[in-house]
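Down below is the structure, laid out as structure tokens.
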Amino acid sequence: MQLSGAEIMCRILAEEGVTTVFGYPGGAILPFYDALRQSPIQHILTAHEQGAAHAADGFARASGNVGVCIATSGPGATNLVTGLATAFLDSVPVVAITGQVNRALIGHDAFQEVDITGITMPITKHNFLVKKPENLAQTLRLAFQLAREGRPGPVLVDVPRDVQTALIDFEEARLAELQLLEPDAERVAAAAAAINKAKRPVMLVGGGVINANAEYDAMHLCEKLHIPVVSTLMGLGAISAYRQLFLGMTGLHGHERANNAVKEADLILAVGSRFNDRVTGERSSYSANKLIIHLDIDPAEVDKNIDSGIAITGDMVATLNALEKAAQPHDLSSWWDKINSWLGMDDDFGNEEAPKFFKALNPVLKDKDYIITTDVGQHQMWAAQHLKIQFARQWLTSGGLGTMGFGLPAALGAQLARPQSRVISISGDGGFKMTGSELFTIASNNVPVIAIVFNNSGLGMIRQLQTVQFAKRFTACELPGYVDFVKYAAAFGIEGEHADTPEALAQAVAKAWECRKPYLIEVCVNPKNMVLPMVAPGLGINDFVKFANDEIN
């Protein structure tokens, strides 16, 4: 059976189970768009290609399936770069399909020609330029396989226009699934023996637990052993924040009890965490006087940032199940006594208003089917610290790249991936200005995202860092001129309201929840409010910055 390359692209997407793609057309990708008219696949036209990439990312994080974004050659393709880098650093399975100029024009500086495979090589798991029409189908199949299997990540496929229009013999086929490596039995036994002897163990859960769909296996292990659990920013939701064993987030803005537990531990069982600098602080201090057991799908992460005493790579579910069988519970009562002596210490870090807004949302959201997406900045850390995330894939944030503008388009993708859930996007005014135009996409498709904008008329995290590191020499962190984001949303036909108190915010979210349509809530916060606790730059995980009261209120 002969089909055009563009028709084959649509066939492969359907073959891979794709139901929704996000994109923006242009000349070099128009043959594909013409074929897409006859396809059952839903296309969402975003306001900008970066929005398409973030929406595909949010779709993937919320569903666990591969997200797909589409762009034309040249500027369309380069506008995907930030979104692909975001997905790459957070190990999110995304396939980006870009149009390219005709093959004969490649290398001749043709109109809207750019070497997108060269540009994205460092920020994709793999990428392809399809030079032979007969390779198109298998290349796309391989792209999906690479994106989702092993350690997930983005893959880009660049398709010249004349490959899309060429007639190609097509056969339906499936690639054989790759098998995950089973864990090394000797290392599992050594890890279990070390856990059985540990007096002060801590389990650290990272985003890899969620990517591997291993949250229940991790929970069963920690509950059997009654081990305290801390989470990275990306691991939130792997263990419910309402469970007694959960101490909170650890890292630069981690809870004091969680950071103290990591500091005092004699063993850390790290599951799916890459030990980035925001998690560890000063690295030699972090790993001192303790055994690190590192579980990860990717051998490249082992000993990259922190030297591990025992490293186990391979299928995480199989590894956790093997550890659960081999490890035995033992008396940790004295360790828990010490941990519980730190209860309430986070309350000593100021009496700011901003965290109260986030705490007020917990009673409204508890046990509901919701998803939180965030931008990057102070609001992101307040949300991570004070929202009680209960389930995996309920917390979507840019952890590795720290991408401002991620939250709103990611919420669009997440809501379309899980229409039965309710997605709440939380942004600061700085990041919201970057991609707020995706309200157009949300409104035009009636996607019932609830967008909350915390407005402090500035770049709050920049102001905080300039307070700590630059002796309050504030530069380029204030955004003069108040923007009424409720009126901005109204320009797109979206209803909204202002919420001046935590109680008003809770009521506004409850009201928005009842209506299945987009809604925007603006909250004004004190520009002086800071994210507390905060680990002092370059110091140990429990060396916290001490702020004067007039610096934060």
*Aromatic contact, His386 with Phe357 (centres under 6.0 Å)*: no

*Taking the six-membered ring for Trp, are the ring centroids of Tyr24 and Tyr33 within less than 6.0 Å of each other?*
no

_His255 side chain to Gln385 backbone, donor-acceptor under 3.5 Å_ = yes

*Any ion pair linking Arg463 and Glu478 (charged N to carboxylate O, less than 4.0 Å)?*
no

*Between the side chain of Glu497 and the main-chain N/O of Ile521, is any donor-acceptor distance below 3.5 Å?*
no

*Would you say Leu408 and Ile442 make side-chain contact, with heavy atoms under 4.5 Å?*
yes

*Between Phe391 and Asp369, is any pair of side-chain heavy atoms under 4.5 Å apart?*
no

*Look at the side chain of Ser63 and the backbone N and O of Asn65, then say whether any donor-acceptor pair between them is shorter than 3.5 Å.*
yes

*Taking all heavy atoms of Ser421 and all of Ile371, pick out the closest pair and write down the distance.*
CB-CD1, 4.2 Å

*Checking Asp543 side chain against Gly540 main chain: does a donor-acceptor pair fall under 3.5 Å?*
yes

*Quick check: are there more than 12 heavy atoms from other residues, nucleotides or ligands sitting under 6.0 Å from NZ of Lys304?*
yes

*asked:* Atom CG of residue position Asn446 - does it have more than 12 heavy atoms of other residues, nucleotides or ligands inside 6.0 Å?
replied: yes

*Side-chain ion pair, Arg151 and Asp296, N-O less than 4.0 Å*: no

_Under the criterion side chain to side chain contact (heavy atoms under 4.5 Å, CB included), I'd like the reasoning laid out for Phe547 against Met530: C-alpha separation, chi angles, the key distance, then a yes or no._
CA-CA 9 Å; Phe547 291 95; Met530 295 196 190; 3.3 Å; yes

*Do Ser73 and Val114 have side-chain heavy atoms sitting under 4.5 Å apart?*
no

*Does Arg61 offer a backbone N or O that forms a donor-acceptor pair with the side chain of Arg393 under 3.5 Å?*
yes

*How far apart are the C-alpha atoms of Phe454 and Ile426, what are their side-chain angles, what is the distance that settles it, and do they pass the side chain to side chain contact (heavy atoms under 4.5 Å, CB included) test?*
CA-CA 8 Å; Phe454 284 85; Ile426 298 177; 3.8 Å; yes

*Could you pull out all residues at least two apart from Asn127 that satisfy side chain to side chain contact (heavy atoms under 4.5 Å, CB included)?*
Thr117, Thr120, Met121, Thr124, Leu156

*Taking it one step at a time, do Val535 and Val545 satisfy side chain to side chain contact (heavy atoms under 4.5 Å, CB included)?*
CA-CA 6 Å; Val535 173; Val545 176; over 6 Å; no

_Check: Gln380 and Met461 side chains under 4.5 Å, non-hydrogen atoms_ = no

*For the residue pair Gln100 and Glu113, confirm or rule out a side-chain donor-acceptor distance under 3.5 Å.*
no

*Would you check if there is a donor-acceptor pair between the side chains of Thr441 and Thr46 at a distance under 3.5 Å?*
no

_Set out, in order, the CA-CA distance, both residues' side-chain angles and the distance that settles ring-ring contact (aromatic ring centres under 6.0 Å, His included) for Phe492 and Tyr488, then state yes or no._
CA-CA 7 Å; Phe492 298 99; Tyr488 180 71; 5.2 Å; yes

*asked:* As a quick check of understanding, evaluate side chain to side chain contact (heavy atoms under 4.5 Å, CB included) for Val262 and Leu204, giving each step before the final call.
replied: CA-CA 9 Å; Val262 169; Leu204 169 67; 5.8 Å; no

*Any side-chain donor near an acceptor of the partner, Gln42 and Thr20, under 3.5 Å*: yes

*For the residue pair Gly27 and Thr72, what are the closest heavy atoms and their distance?*
N-OG1, 3.7 Å

*So, does Thr403 use its side chain to make a donor-acceptor pair with the main chain of Thr86 at under 3.5 Å?*
no

*State, without any angle test, whether Asn259 and Thr250 hold a side-chain donor-acceptor pair at a distance under 3.5 Å.*
yes

_Within 6.0 Å of CZ in Arg283, more than 12 heavy atoms from elsewhere_ = yes

*Under 3.5 Å, is there a donor-acceptor pair linking the side chains of His379 and Asn456?*
no

*After noting the C-alpha distance and the side-chain angles of Ser91 and Asn211, does the key distance pass the side-chain hydrogen bond (donor to acceptor under 3.5 Å, both in side chains) rule?*
CA-CA 8 Å; Ser91 303; Asn211 287 342; 4.5 Å; no

*Could you tell me whether a side-chain N or O of Asn542 sits under 3.5 Å from a main-chain N or O of Lys263, the two making a donor and an acceptor?*
no

*Any salt bridge between Asp298 and Arg274, counting N to O under 4.0 Å?*
no

*Residues Gln390 and Ser240: side-chain donor-acceptor under 3.5 angstrom*: no

*For the pair Asp90 (side chain) and Val92 (backbone), establish whether a donor and an acceptor sit closer than 3.5 Å, ignoring hydrogens and angles.*
no

*asked:* Are more than 12 heavy atoms, taken from residues, nucleotides or ligands other than Tyr482, located less than 6.0 Å from that residue's OH atom?
replied: yes

_Whether the side chain of Lys368 engages the backbone of Lys366 through a donor-acceptor N/O pair (distance < 3.5 Å, no angle test) should be reported._
no

*Would a 4.5 Å heavy-atom cut-off, applied to side chains only, mark Asp307 and Ile292 as touching?*
no

*Are any of the side-chain heavy atoms of Gln466 and Lys472 separated by less than 4.5 Å?*
no

_Sub-4.5 Å side-chain heavy-atom contact between Val68 and Val94_ = no

*Modelled atom types, side-chain donor and acceptor of Glu438 and Thr435, under 3.5 Å*: no

*Pair Phe474 and Phe470, ring centroids less than 6.0 Å apart*: no

*Can you find a pair of side-chain heavy atoms, one from Lys433 and one from Leu479, that are under 4.5 Å apart?*
yes

_side-chain contact (heavy atoms from CB on, under 4.5 Å) partner of Tyr370, the single match among Ile389, Val509, Leu387_ = Ile389

_Flag if over 12 foreign heavy atoms under 6.0 Å of CD, Glu495_ = no

*asked:* Please give me the minimum heavy-atom distance between Pro122 and Phe88, naming the atom from each residue.
replied: O-CE2, 3.5 Å

*Check for a donor-acceptor pair, side chain of Glu522 on one end and backbone N or O of Phe485 on the other, with a separation under 3.5 Å.*
yes

